[in-house]
Amino acid sequence: MRDDIDAPASQRNQDRRLFLQAVAALAGTACTSRLSQADATTASPSEKLALGIMGVNGRGSAIAKGMLATGQTEIAYVCDVDSRAADRAVKRIAESQDKPVKIVTDFRRILDDGSVDALVCAAPNHWHAPATIAGCKAGKHVYVEKPCSHTPWEGEMAIQAARKHQRVVQMGTQRRSWPAIRKAIEKTHSGEIGNALYARCWYNNRRSSIGVGQQVSPPAWLNWELWQGPCTRRPYKSNLVHYNWHWHWHWGNGELGNNGVHGIDVARWALGVTYPIRVTAGGGKYRHEDDQETPDTLNVTFDFPENKTITWEGLSWSPLGPHDSRFGLSIHGSEGSMVITGANFIRYDNNSKEVEREESVGGDSDHFLDFIDAVRSSRRPHADIEAAHQSTLLCHLGNLAYRNARVLETDPSNGHILNNETASAMWSKDYADGREPTI
(Lines give C-alpha, C1' and ligand atoms only; values in the text may rest on other atoms or scores of the structure.)
Protein backbone atom coordinates (compact mmCIF):
# COMPACT_ATOMS: atom_id res chain seq x y z
CA MET A 1 0.00 0.00 0.00
CA ARG A 2 1.42 3.37 -0.99
CA ASP A 3 0.96 6.84 0.47
CA ASP A 4 0.89 9.25 -2.48
CA ILE A 5 2.00 12.24 -0.43
CA ASP A 6 5.29 10.99 0.99
CA ALA A 7 8.14 13.45 1.47
CA PRO A 8 10.82 13.86 -1.25
CA ALA A 9 14.16 12.07 -0.89
CA SER A 10 16.03 15.13 0.40
CA GLN A 11 13.42 15.66 3.08
CA ARG A 12 13.48 12.00 4.08
CA ASN A 13 17.29 12.11 4.45
CA GLN A 14 17.08 15.13 6.74
CA ASP A 15 14.24 13.44 8.63
CA ARG A 16 16.33 10.33 9.15
CA ARG A 17 19.20 12.36 10.62
CA LEU A 18 16.87 14.08 13.08
CA PHE A 19 15.24 10.76 13.77
CA LEU A 20 18.50 9.05 14.70
CA GLN A 21 19.23 11.92 17.07
CA ALA A 22 15.85 11.34 18.68
CA VAL A 23 16.58 7.63 18.96
CA ALA A 24 19.84 8.37 20.71
CA ALA A 25 18.02 10.59 23.18
CA LEU A 26 15.40 7.95 23.80
CA ALA A 27 18.01 5.26 24.29
CA GLY A 28 19.15 6.85 27.53
CA THR A 29 15.84 6.32 29.27
CA ALA A 30 14.42 3.15 30.77
CA CYS A 31 10.73 2.60 29.97
CA THR A 32 8.01 0.29 31.14
CA SER A 33 6.71 -2.06 28.47
CA ARG A 34 3.95 -4.61 28.33
CA LEU A 35 4.95 -5.70 24.84
CA SER A 36 2.84 -8.77 24.08
CA GLN A 37 2.66 -9.93 27.68
CA ALA A 38 -0.52 -9.85 29.75
CA ASP A 39 1.26 -8.24 32.71
CA ALA A 40 3.61 -5.26 32.80
CA THR A 41 7.30 -6.05 32.65
CA THR A 42 10.37 -3.88 32.86
CA ALA A 43 12.08 -3.29 29.53
CA SER A 44 14.80 -0.96 28.34
CA PRO A 45 14.85 0.64 24.88
CA SER A 46 17.70 -1.70 23.99
CA GLU A 47 15.27 -4.63 24.13
CA LYS A 48 13.90 -4.67 20.63
CA LEU A 49 10.24 -5.04 19.77
CA ALA A 50 9.62 -8.01 17.51
CA LEU A 51 7.39 -7.10 14.56
CA GLY A 52 5.45 -9.10 12.04
CA ILE A 53 4.59 -7.14 8.89
CA MET A 54 1.51 -8.03 6.85
CA GLY A 55 1.70 -6.69 3.31
CA VAL A 56 5.18 -5.77 2.06
CA ASN A 57 4.67 -4.99 -1.61
CA GLY A 58 4.99 -1.23 -1.16
CA ARG A 59 4.04 0.61 2.01
CA GLY A 60 4.87 -2.33 4.28
CA SER A 61 8.40 -2.54 2.91
CA ALA A 62 8.90 1.15 3.68
CA ILE A 63 7.57 0.61 7.21
CA ALA A 64 10.01 -2.26 7.73
CA LYS A 65 12.91 -0.04 6.69
CA GLY A 66 11.76 2.82 8.90
CA MET A 67 11.11 0.66 11.94
CA LEU A 68 14.56 -0.92 11.65
CA ALA A 69 16.11 2.55 11.44
CA THR A 70 14.93 3.22 14.99
CA GLY A 71 17.34 0.60 16.32
CA GLN A 72 14.54 -0.51 18.66
CA THR A 73 12.79 -3.12 16.55
CA GLU A 74 13.51 -6.29 14.68
CA ILE A 75 11.47 -7.86 11.91
CA ALA A 76 10.52 -11.41 12.86
CA TYR A 77 8.08 -12.10 10.02
CA VAL A 78 7.05 -10.78 6.66
CA CYS A 79 3.70 -11.88 5.32
CA ASP A 80 2.47 -11.37 1.78
CA VAL A 81 0.19 -13.19 -0.62
CA ASP A 82 2.57 -12.13 -3.42
CA SER A 83 5.60 -14.41 -3.13
CA ARG A 84 7.70 -11.99 -5.17
CA ALA A 85 7.06 -9.14 -2.72
CA ALA A 86 7.93 -11.28 0.28
CA ASP A 87 11.25 -12.35 -1.24
CA ARG A 88 12.16 -8.74 -2.09
CA ALA A 89 11.30 -7.54 1.40
CA VAL A 90 13.43 -10.18 3.10
CA LYS A 91 16.44 -9.25 0.97
CA ARG A 92 16.05 -5.58 1.91
CA ILE A 93 15.62 -6.37 5.60
CA ALA A 94 18.77 -8.50 5.52
CA GLU A 95 20.73 -5.36 4.64
CA SER A 96 19.89 -3.91 8.08
CA GLN A 97 19.27 -6.97 10.25
CA ASP A 98 21.33 -10.10 10.88
CA LYS A 99 18.53 -12.12 12.44
CA PRO A 100 16.75 -14.32 9.87
CA VAL A 101 13.20 -13.35 8.88
CA LYS A 102 10.42 -15.88 8.49
CA ILE A 103 8.20 -15.66 5.41
CA VAL A 104 4.53 -16.62 5.75
CA THR A 105 1.53 -16.27 3.45
CA ASP A 106 -1.14 -16.33 6.16
CA PHE A 107 -0.79 -13.59 8.79
CA ARG A 108 -2.33 -15.83 11.44
CA ARG A 109 1.03 -17.60 11.67
CA ILE A 110 2.40 -14.31 13.04
CA LEU A 111 -0.34 -14.18 15.65
CA ASP A 112 0.45 -17.74 16.73
CA ASP A 113 4.00 -16.77 17.73
CA GLY A 114 4.05 -15.52 21.31
CA SER A 115 7.45 -13.88 20.84
CA VAL A 116 6.03 -11.30 18.41
CA ASP A 117 5.17 -8.02 20.12
CA ALA A 118 3.35 -6.13 17.38
CA LEU A 119 1.59 -6.66 14.08
CA VAL A 120 1.99 -4.13 11.27
CA CYS A 121 -0.88 -4.21 8.78
CA ALA A 122 -0.11 -2.65 5.40
CA ALA A 123 -2.39 -4.94 3.43
CA PRO A 124 -5.33 -3.53 1.38
CA ASN A 125 -8.10 -1.61 3.17
CA HIS A 126 -10.50 -4.54 3.54
CA TRP A 127 -7.91 -6.23 5.77
CA HIS A 128 -7.15 -3.27 8.07
CA ALA A 129 -9.77 -3.68 10.78
CA PRO A 130 -10.06 -7.49 10.68
CA ALA A 131 -6.28 -7.82 11.08
CA THR A 132 -6.25 -5.18 13.83
CA ILE A 133 -9.00 -6.96 15.74
CA ALA A 134 -7.35 -10.38 15.34
CA GLY A 135 -4.01 -8.92 16.39
CA CYS A 136 -5.45 -7.42 19.57
CA LYS A 137 -7.17 -10.71 20.42
CA ALA A 138 -3.84 -12.49 20.02
CA GLY A 139 -2.16 -10.07 22.44
CA LYS A 140 -0.31 -8.06 19.81
CA HIS A 141 -0.02 -4.32 19.59
CA VAL A 142 -0.93 -3.06 16.13
CA TYR A 143 0.36 -0.44 13.71
CA VAL A 144 -2.30 -0.23 10.99
CA GLU A 145 -2.16 1.78 7.81
CA LYS A 146 -4.86 4.30 6.94
CA PRO A 147 -7.80 4.12 6.79
CA CYS A 148 -8.22 2.03 9.94
CA SER A 149 -11.37 0.32 8.61
CA HIS A 150 -13.27 -0.50 5.44
CA THR A 151 -16.67 0.25 7.01
CA PRO A 152 -17.85 2.29 10.03
CA TRP A 153 -18.84 -0.85 11.94
CA GLU A 154 -15.33 -2.24 11.60
CA GLY A 155 -13.88 0.92 13.11
CA GLU A 156 -16.11 0.62 16.15
CA MET A 157 -15.12 -3.02 16.54
CA ALA A 158 -11.43 -2.15 16.34
CA ILE A 159 -11.80 0.31 19.23
CA GLN A 160 -13.59 -2.32 21.30
CA ALA A 161 -10.88 -4.88 20.56
CA ALA A 162 -8.06 -2.51 21.52
CA ARG A 163 -9.73 -1.55 24.78
CA LYS A 164 -10.86 -5.06 25.72
CA HIS A 165 -7.42 -6.57 25.17
CA GLN A 166 -5.55 -3.45 26.37
CA ARG A 167 -3.45 -3.12 23.25
CA VAL A 168 -1.78 -0.09 21.67
CA VAL A 169 -3.17 0.57 18.19
CA GLN A 170 -1.69 3.34 16.05
CA MET A 171 -2.99 4.38 12.62
CA GLY A 172 -0.48 5.50 10.00
CA THR A 173 -1.60 9.13 9.85
CA GLN A 174 1.93 10.41 10.34
CA ARG A 175 1.01 14.08 10.51
CA ARG A 176 -0.14 13.52 14.08
CA SER A 177 3.55 13.21 14.97
CA TRP A 178 5.18 15.82 12.70
CA PRO A 179 6.71 18.60 14.85
CA ALA A 180 5.59 21.64 12.83
CA ILE A 181 2.05 20.35 12.44
CA ARG A 182 1.81 19.59 16.14
CA LYS A 183 2.99 23.14 16.80
CA ALA A 184 0.41 24.55 14.37
CA ILE A 185 -2.36 22.65 16.14
CA GLU A 186 -1.14 23.83 19.55
CA LYS A 187 -1.23 27.42 18.30
CA THR A 188 -4.72 26.91 16.92
CA HIS A 189 -5.94 25.45 20.20
CA SER A 190 -4.35 28.27 22.19
CA GLY A 191 -6.35 30.83 20.22
CA GLU A 192 -3.65 32.40 18.06
CA ILE A 193 -6.08 32.53 15.12
CA GLY A 194 -9.05 33.19 17.37
CA ASN A 195 -12.01 30.82 17.35
CA ALA A 196 -11.25 28.21 14.68
CA LEU A 197 -14.52 27.64 12.85
CA TYR A 198 -13.70 26.24 9.43
CA ALA A 199 -11.11 23.98 7.81
CA ARG A 200 -10.69 23.29 4.12
CA CYS A 201 -8.76 20.20 2.91
CA TRP A 202 -7.73 19.25 -0.59
CA TYR A 203 -5.96 16.53 -2.53
CA ASN A 204 -4.98 16.83 -6.17
CA ASN A 205 -3.33 14.31 -8.45
CA ARG A 206 -3.18 13.28 -12.09
CA ARG A 207 -4.03 9.61 -12.10
CA SER A 208 -4.12 7.65 -15.32
CA SER A 209 -6.92 5.34 -16.39
CA ILE A 210 -7.04 1.87 -14.83
CA GLY A 211 -8.46 0.48 -18.07
CA VAL A 212 -10.92 -2.36 -18.42
CA GLY A 213 -9.82 -5.59 -16.77
CA GLN A 214 -10.50 -9.12 -17.88
CA GLN A 215 -11.53 -12.05 -15.73
CA VAL A 216 -8.52 -14.36 -15.85
CA SER A 217 -6.90 -16.92 -13.60
CA PRO A 218 -4.81 -15.40 -10.79
CA PRO A 219 -1.06 -15.42 -11.50
CA ALA A 220 1.01 -18.18 -9.95
CA TRP A 221 2.75 -15.77 -7.58
CA LEU A 222 -0.54 -14.58 -6.00
CA ASN A 223 -2.69 -16.33 -3.41
CA TRP A 224 -5.99 -14.76 -4.48
CA GLU A 225 -7.97 -16.59 -1.80
CA LEU A 226 -5.94 -15.08 1.05
CA TRP A 227 -5.83 -11.68 -0.68
CA GLN A 228 -9.63 -11.55 -0.52
CA GLY A 229 -9.58 -12.64 3.11
CA PRO A 230 -12.76 -11.55 4.93
CA CYS A 231 -14.52 -10.24 1.81
CA THR A 232 -17.20 -12.12 -0.09
CA ARG A 233 -15.62 -13.76 -3.10
CA ARG A 234 -15.25 -12.21 -6.53
CA PRO A 235 -13.39 -13.38 -9.64
CA TYR A 236 -9.85 -12.18 -10.19
CA LYS A 237 -9.49 -9.37 -12.74
CA SER A 238 -6.33 -8.39 -14.55
CA ASN A 239 -6.32 -4.74 -13.40
CA LEU A 240 -6.91 -4.99 -9.64
CA VAL A 241 -3.59 -5.92 -8.02
CA HIS A 242 -1.64 -4.20 -6.57
CA TYR A 243 -3.20 -0.75 -6.47
CA ASN A 244 -6.39 -0.36 -8.46
CA TRP A 245 -8.51 -2.13 -5.85
CA HIS A 246 -8.59 1.33 -4.19
CA TRP A 247 -11.16 2.39 -6.78
CA HIS A 248 -13.58 -0.51 -6.20
CA TRP A 249 -16.03 -0.24 -3.30
CA HIS A 250 -15.74 -3.97 -2.53
CA TRP A 251 -12.16 -3.53 -1.31
CA GLY A 252 -11.32 0.17 -1.22
CA ASN A 253 -12.62 3.56 -0.09
CA GLY A 254 -11.76 5.75 -3.06
CA GLU A 255 -9.53 8.80 -2.84
CA LEU A 256 -11.39 10.08 0.21
CA GLY A 257 -10.27 7.07 2.24
CA ASN A 258 -6.93 6.77 0.49
CA ASN A 259 -5.46 10.26 0.88
CA GLY A 260 -8.36 12.38 2.11
CA VAL A 261 -8.10 10.86 5.57
CA HIS A 262 -4.71 12.56 6.09
CA GLY A 263 -6.08 16.07 5.68
CA ILE A 264 -9.42 15.40 7.34
CA ASP A 265 -7.66 13.96 10.38
CA VAL A 266 -5.59 17.13 10.89
CA ALA A 267 -8.62 19.35 10.22
CA ARG A 268 -10.75 17.54 12.80
CA TRP A 269 -7.89 17.68 15.28
CA ALA A 270 -7.43 21.43 14.68
CA LEU A 271 -11.11 22.30 15.12
CA GLY A 272 -11.49 20.02 18.13
CA VAL A 273 -14.53 18.23 16.70
CA THR A 274 -15.50 14.57 16.73
CA TYR A 275 -18.78 13.52 15.10
CA PRO A 276 -20.81 15.63 12.65
CA ILE A 277 -24.50 16.45 12.51
CA ARG A 278 -24.69 16.60 8.71
CA VAL A 279 -22.65 15.35 5.74
CA THR A 280 -23.16 16.53 2.16
CA ALA A 281 -21.31 15.23 -0.92
CA GLY A 282 -21.29 15.99 -4.62
CA GLY A 283 -19.16 14.97 -7.56
CA GLY A 284 -18.74 12.06 -9.91
CA LYS A 285 -16.46 10.07 -12.16
CA TYR A 286 -15.68 12.40 -15.04
CA ARG A 287 -12.21 11.87 -16.48
CA HIS A 288 -11.78 8.26 -17.69
CA GLU A 289 -14.00 5.56 -19.14
CA ASP A 290 -12.72 2.56 -17.24
CA ASP A 291 -13.46 0.14 -14.40
CA GLN A 292 -13.14 2.71 -11.61
CA GLU A 293 -16.26 2.79 -9.40
CA THR A 294 -15.26 5.54 -6.98
CA PRO A 295 -15.47 9.24 -7.91
CA ASP A 296 -12.48 11.06 -9.37
CA THR A 297 -14.05 14.42 -8.47
CA LEU A 298 -15.59 14.84 -5.03
CA ASN A 299 -16.53 17.66 -2.67
CA VAL A 300 -17.71 16.85 0.84
CA THR A 301 -18.98 19.15 3.60
CA PHE A 302 -19.05 18.05 7.23
CA ASP A 303 -21.07 20.23 9.60
CA PHE A 304 -20.56 19.86 13.36
CA PRO A 305 -22.75 20.84 16.32
CA GLU A 306 -20.24 23.44 17.50
CA ASN A 307 -21.05 25.59 14.43
CA LYS A 308 -17.89 24.36 12.80
CA THR A 309 -17.37 22.95 9.31
CA ILE A 310 -14.77 20.90 7.44
CA THR A 311 -14.73 20.63 3.67
CA TRP A 312 -12.70 18.28 1.48
CA GLU A 313 -12.04 18.58 -2.23
CA GLY A 314 -10.60 15.63 -4.10
CA LEU A 315 -9.58 15.96 -7.74
CA SER A 316 -7.76 12.88 -8.98
CA TRP A 317 -7.16 14.05 -12.55
CA SER A 318 -5.85 17.62 -12.17
CA PRO A 319 -2.70 18.28 -10.14
CA LEU A 320 -3.18 22.01 -9.46
CA GLY A 321 -4.25 22.58 -5.88
CA PRO A 322 -4.69 25.61 -3.59
CA HIS A 323 -1.59 27.37 -2.26
CA ASP A 324 0.49 25.71 -5.00
CA SER A 325 0.19 22.39 -3.21
CA ARG A 326 -1.33 19.09 -4.28
CA PHE A 327 -2.17 18.34 -0.65
CA GLY A 328 -2.95 20.59 2.24
CA LEU A 329 -5.47 22.29 4.47
CA SER A 330 -6.29 25.78 5.66
CA ILE A 331 -7.75 26.49 9.09
CA HIS A 332 -9.81 29.67 9.40
CA GLY A 333 -10.41 31.42 12.71
CA SER A 334 -12.02 34.66 13.86
CA GLU A 335 -8.60 36.34 14.19
CA GLY A 336 -6.56 34.74 11.42
CA SER A 337 -5.79 31.61 9.44
CA MET A 338 -3.30 28.77 9.34
CA VAL A 339 -2.20 27.02 6.14
CA ILE A 340 -0.56 23.59 6.34
CA THR A 341 1.17 22.13 3.31
CA GLY A 342 3.59 19.25 3.47
CA ALA A 343 5.17 19.33 6.93
CA ASN A 344 5.06 23.14 7.14
CA PHE A 345 2.68 25.85 8.28
CA ILE A 346 2.13 29.55 7.69
CA ARG A 347 0.01 31.70 10.01
CA TYR A 348 -1.80 34.76 8.65
CA ASP A 349 -3.58 37.62 10.34
CA ASN A 350 -7.06 38.81 9.35
CA ASN A 351 -5.57 40.99 6.60
CA SER A 352 -4.01 37.91 4.96
CA LYS A 353 -0.56 39.10 6.06
CA GLU A 354 1.93 36.38 6.94
CA VAL A 355 2.93 36.66 10.60
CA GLU A 356 4.65 33.34 11.20
CA ARG A 357 6.13 30.50 9.22
CA GLU A 358 7.72 27.21 10.23
CA GLU A 359 9.25 24.62 7.95
CA SER A 360 10.00 21.15 9.20
CA VAL A 361 10.36 17.59 7.99
CA GLY A 362 7.81 14.82 7.62
CA GLY A 363 8.35 11.14 6.98
CA ASP A 364 7.54 8.25 9.26
CA SER A 365 10.22 8.36 11.94
CA ASP A 366 8.49 10.47 14.59
CA HIS A 367 5.33 8.40 14.22
CA PHE A 368 7.23 5.13 14.57
CA LEU A 369 9.02 6.44 17.66
CA ASP A 370 5.68 7.43 19.13
CA PHE A 371 4.27 3.94 18.55
CA ILE A 372 7.31 2.27 20.09
CA ASP A 373 7.23 4.53 23.14
CA ALA A 374 3.47 4.01 23.54
CA VAL A 375 4.00 0.25 23.58
CA ARG A 376 6.81 0.51 26.10
CA SER A 377 4.98 2.90 28.41
CA SER A 378 1.46 1.46 27.99
CA ARG A 379 -0.02 4.77 26.89
CA ARG A 380 -2.19 5.74 23.95
CA PRO A 381 -0.27 6.90 20.86
CA HIS A 382 -0.75 10.10 18.88
CA ALA A 383 -3.03 8.40 16.33
CA ASP A 384 -4.82 6.12 18.78
CA ILE A 385 -7.52 3.89 17.31
CA GLU A 386 -10.36 5.98 18.75
CA ALA A 387 -9.15 9.19 17.11
CA ALA A 388 -8.30 7.14 14.02
CA HIS A 389 -11.87 5.86 13.81
CA GLN A 390 -13.36 9.33 14.25
CA SER A 391 -11.35 10.64 11.29
CA THR A 392 -11.85 7.54 9.15
CA LEU A 393 -15.58 7.66 9.87
CA LEU A 394 -15.79 11.07 8.21
CA CYS A 395 -14.39 9.48 5.06
CA HIS A 396 -16.95 6.69 5.26
CA LEU A 397 -19.78 9.17 5.76
CA GLY A 398 -18.62 11.27 2.83
CA ASN A 399 -18.57 8.20 0.61
CA LEU A 400 -22.00 7.10 1.84
CA ALA A 401 -23.45 10.56 1.19
CA TYR A 402 -22.05 10.40 -2.34
CA ARG A 403 -23.21 6.83 -3.02
CA ASN A 404 -26.72 7.53 -1.76
CA ALA A 405 -26.98 11.00 -3.35
CA ARG A 406 -28.31 12.32 -0.08
CA VAL A 407 -27.57 14.83 2.63
CA LEU A 408 -26.92 12.57 5.62
CA GLU A 409 -28.08 13.59 9.08
CA THR A 410 -25.92 12.04 11.77
CA ASP A 411 -25.96 11.57 15.52
CA PRO A 412 -23.34 13.93 17.04
CA SER A 413 -22.73 11.47 19.90
CA ASN A 414 -21.42 8.64 17.70
CA GLY A 415 -21.68 9.60 14.03
CA HIS A 416 -24.42 7.10 13.27
CA ILE A 417 -26.70 7.88 10.32
CA LEU A 418 -30.21 9.10 11.14
CA ASN A 419 -33.44 8.75 9.14
CA ASN A 420 -31.91 6.96 6.16
CA GLU A 421 -32.37 3.19 6.11
CA THR A 422 -30.53 2.72 2.81
CA ALA A 423 -27.38 4.49 3.94
CA SER A 424 -27.60 2.93 7.42
CA ALA A 425 -27.64 -0.52 5.82
CA MET A 426 -24.16 0.27 4.46
CA TRP A 427 -22.75 0.86 7.95
CA SER A 428 -21.36 -2.66 7.70
CA LYS A 429 -21.10 -5.25 4.92
CA ASP A 430 -21.42 -8.95 4.23
CA TYR A 431 -18.40 -11.15 4.96
CA ALA A 432 -17.25 -14.45 3.59
CA ASP A 433 -18.60 -17.39 5.60
CA GLY A 434 -16.99 -17.45 9.04
CA ARG A 435 -14.86 -14.35 8.36
CA GLU A 436 -16.80 -11.66 10.20
CA PRO A 437 -14.48 -10.03 12.79
CA THR A 438 -15.20 -10.73 16.46
CA ILE A 439 -13.50 -9.21 19.46
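Predicted model only: the values in this text are computed from it and were never measured.
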Next on the checklist: When you compare the side chains of Ser330 and His332, does any donor N or O come within less than 3.5 Å of an acceptor on the partner?
Outcome noted: yes
Item to check | Matching residue for His141 among Leu51, Val375, Val169, Val116 - test: side-chain contact (heavy atoms from CB on, under 4.5 Å) | outcome: Val375
Checklist entry - What closest approach, in Å, do Asn253 and His150 show between heavy atoms, and which atom pair accounts for it? => result ND2-O, 3.1 Å
Checklist entry - In Å and rounded to the nearest 0.5 Å, what is the CE to CG distance from Met54 to Asp106? => result 8.0 Å
Checklist entry - So His323 and Trp202, would you call those rings parallel, tilted or perpendicular, with 30° and 60° as cut-offs? => result parallel
Next on the checklist: Has Thr73 got a side-chain atom pairing as donor or acceptor with Met67's backbone, closer than 3.5 angstrom?
Outcome noted: yes
Checklist entry - Between the side chains of Gln390 and Thr274, is a donor N or O closer than 3.5 angstrom to an acceptor N or O? => result no
Checklist entry - What's the spacing between Leu408 CG and Asn404 CG if we round to 0.5 Å? => result 6.5 Å
Checklist entry - Does the side chain of Lys146 pick up a donor-acceptor pair with the side chain of Asn259 at under 3.5 Å? => result no
Checklist entry - When you look at Glu409 and Asn420, which way does the side-chain hydrogen bond (donor to acceptor under 3.5 Å, both in side chains) test go after all the steps? => result CA-CA 8 Å; Glu409 297 177 0; Asn420 190 317; over 6 Å; no
Checklist entry - By ring pair (Phe, Tyr, Trp, His ring centres under 6.0 Å), which residues pair with Phe371, not counting sequence neighbours? => result Tyr143
Checklist entry - Atom SG of Cys136 and atom CD1 of Ile439: how far apart are they, to the nearest 0.5 Å? => result 10.0 Å
Item to check | Lys285 and Glu293 ion-paired at < 4.0 Å | outcome: no
Item to check | Exercise: identify the closest heavy-atom pair between Gly398 and Ala281 | outcome: O-CB, 3.6 Å
Next on the checklist: Under a plain distance cut-off of 3.5 Å, with no hydrogens placed, do Asn344 and Glu359 share a side-chain donor-acceptor pair?
Outcome noted: no
Checklist entry - Hey, does the Lys NZ or Arg CZ of Arg403 hover above the aromatic six-ring of Trp249, less than 6.0 Å from the centre and inside 45° of the axis? => result yes
Checklist entry - Arg206 side chain to Trp317 main-chain N or O, any donor-acceptor pair under 3.5 Å? => result yes
Checklist entry - Is there a donor in the side chain of Tyr203 and an acceptor in the side chain of Ser316, or the other way round, less than 3.5 Å apart? => result no
Checklist entry - Less than 4.5 Å apart, any side-chain heavy atom of Pro130 and any of Arg435? => result no
Next on the checklist: Taking the basic N atoms (NZ, or NE/NH1/NH2) and the acidic carboxylate oxygens, is any pair closer than 4.0 Å for Arg108 and Asp113?
Outcome noted: no
Checklist entry - Any side-chain donor-acceptor pair under 3.5 Å between Asp82 and His242? => result yes
Checklist entry - In Å, rounded to the nearest 0.5 Å, how long is the span from CG of Leu394 to CG of Asn399? => result 11.5 Å
Next on the checklist: Keeping Trp178 on the side-chain end and Gly363 on the backbone end, is there a donor-acceptor pair under 3.5 Å?
Outcome noted: yes
Checklist entry - What do the steps show when you test Arg347 against Glu354 for salt bridge (Lys or Arg N to Asp or Glu O under 4.0 Å), and what is the final call? => result CA-CA 6 Å; Arg347 183 165 63 90; Glu354 180 181 323; over 6 Å; no
Checklist entry - Of all residues at least two apart in sequence or in a different chain, which pass the ring pair (Phe, Tyr, Trp, His ring centres under 6.0 Å) check with Phe107? => result Trp127
Checklist entry - Checking side-chain contact (heavy atoms from CB on, under 4.5 Å) for the pair Cys121/His128: CA distance, chi angles, key distance, verdict? => result CA-CA 6 Å; Cys121 180; His128 288 185; 3.9 Å; yes
Checklist entry - Near Lys429 NZ, under 6.0 Å, is it more than 12 heavy atoms from other residues, nucleotides or ligands? => result yes
Item to check | Closest non-hydrogen atom pair between Pro276 and Leu397, with its separation | outcome: CG-CD1, 3.9 Å
Checklist entry - Hey, is Asp384 close enough to Arg163 for a salt bridge, meaning N to O under 4.0 Å? => result yes
Checklist entry - Are side-chain heavy atoms of Gln170 and Asp370 found at a separation under 4.5 Å? => result yes
Checklist entry - So, Thr438 and Lys137: side-chain donor and acceptor under 3.5 Å apart, yes or no? => result yes
Checklist entry - Residues two or more places apart in sequence or in another chain: which of them pass ring pair (Phe, Tyr, Trp, His ring centres under 6.0 Å) with His382? => result none
Next on the checklist: Could you check whether Lys99 pairs with Glu74 (Lys NZ or Arg NE/NH1/NH2 to Asp/Glu carboxylate O, under 4.0 Å)?
Outcome noted: yes
Item to check | Whether Glu306 side chain and Lys308 backbone form a donor-acceptor pair below 3.5 Å | outcome: no
Next on the checklist: Under 3.5 Å, is there a donor on one side chain and an acceptor on the other for His396 and Ser149?
Outcome noted: yes
Item to check | Taking every non-hydrogen atom, the tightest pair across Ile53 and Ala64 | outcome: CD1-CB, 3.4 Å
Next on the checklist: Between Arg200 and Glu313, does the salt bridge (Lys or Arg N to Asp or Glu O under 4.0 Å) criterion hold? Intermediate values first, please.
Outcome noted: CA-CA 8 Å; Arg200 175 180 61 187; Glu313 176 188 297; over 6 Å; no
Item to check | Heavy-atom donor-acceptor pair, Arg268 side chain to Ala387 backbone, under 3.5 Å | outcome: yes
Checklist entry - Is the side chain of His165 donor-acceptor paired with the backbone N or O of Ile133 at a distance under 3.5 Å, no angle test? => result no
Item to check | Closest contact, heavy atoms only, Pro319 versus Asn204 | outcome: O-CB, 3.5 Å
Checklist entry - Looking at CD1 of Ile277 and OG1 of Thr309, how far apart are the two atoms once the value is rounded to the nearest 0.5 Å? => result 8.0 Å
Checklist entry - Between the main-chain N or O of Gly415 and the side-chain N or O of Asp411, is there a donor-acceptor pair closer than 3.5 Å? => result no
Checklist entry - When you measure from the side chain of Asn195 to the backbone N and O of Ser334, does any donor-acceptor pair fall under 3.5 Å? => result no
Next on the checklist: Is there a side-chain contact (heavy atoms from CB on, under 4.5 Å) between Val142 and Val168? Walk through the geometry before answering.
Outcome noted: CA-CA 6 Å; Val142 181; Val168 171; over 6 Å; no
Next on the checklist: Minimum heavy-atom separation for Gly114 and Lys140, please, with both atom names.
Outcome noted: CA-NZ, 3.7 Å
Next on the checklist: Taking Lys187's backbone N and O only, do any of them form a donor-acceptor pair with Ser190's side chain (distance below 3.5 Å, no angle check)?
Outcome noted: yes
Next on the checklist: Tell me whether Arg176 is salt-bridged to Asp265, with the criterion being a basic N under 4.0 Å from an acidic carboxylate O.
Outcome noted: yes
Next on the checklist: Counting C-beta onward and ignoring hydrogens, is there a side-chain heavy-atom pair between Thr173 and Ser391 closer than 4.5 Å?
Outcome noted: no
Checklist entry - When you look at CZ of Arg406, are more than 12 heavy atoms from neighbouring residues, nucleotides or ligands closer to it than 6.0 Å? => result no
Next on the checklist: Pair Val300, Thr311 - check side-chain contact (heavy atoms from CB on, under 4.5 Å), show working.
Outcome noted: CA-CA 6 Å; Val300 187; Thr311 61; over 6 Å; no
Item to check | Minimum side-chain heavy-atom gap Ile417-Trp427 below 4.5 Å | outcome: yes
Checklist entry - Could you state the interatomic distance from CG (Asp80) to CH2 (Trp227), rounded to the nearest 0.5 Å? => result 11.5 Å
Checklist entry - Is there a donor-acceptor pair under 3.5 Å between the side chain of His367 and the backbone N or O of Arg175? => result no
Checklist entry - Without hydrogens or angle criteria, can the side chains of Asn57 and Tyr243 be said to hold a donor-acceptor pair below 3.5 Å? => result no
Checklist entry - Would Asn307 and Leu197 satisfy side-chain contact (heavy atoms from CB on, under 4.5 Å), going step by step from the backbone distance to the final call? => result CA-CA 7 Å; Asn307 293 323; Leu197 300 171; 5.6 Å; no
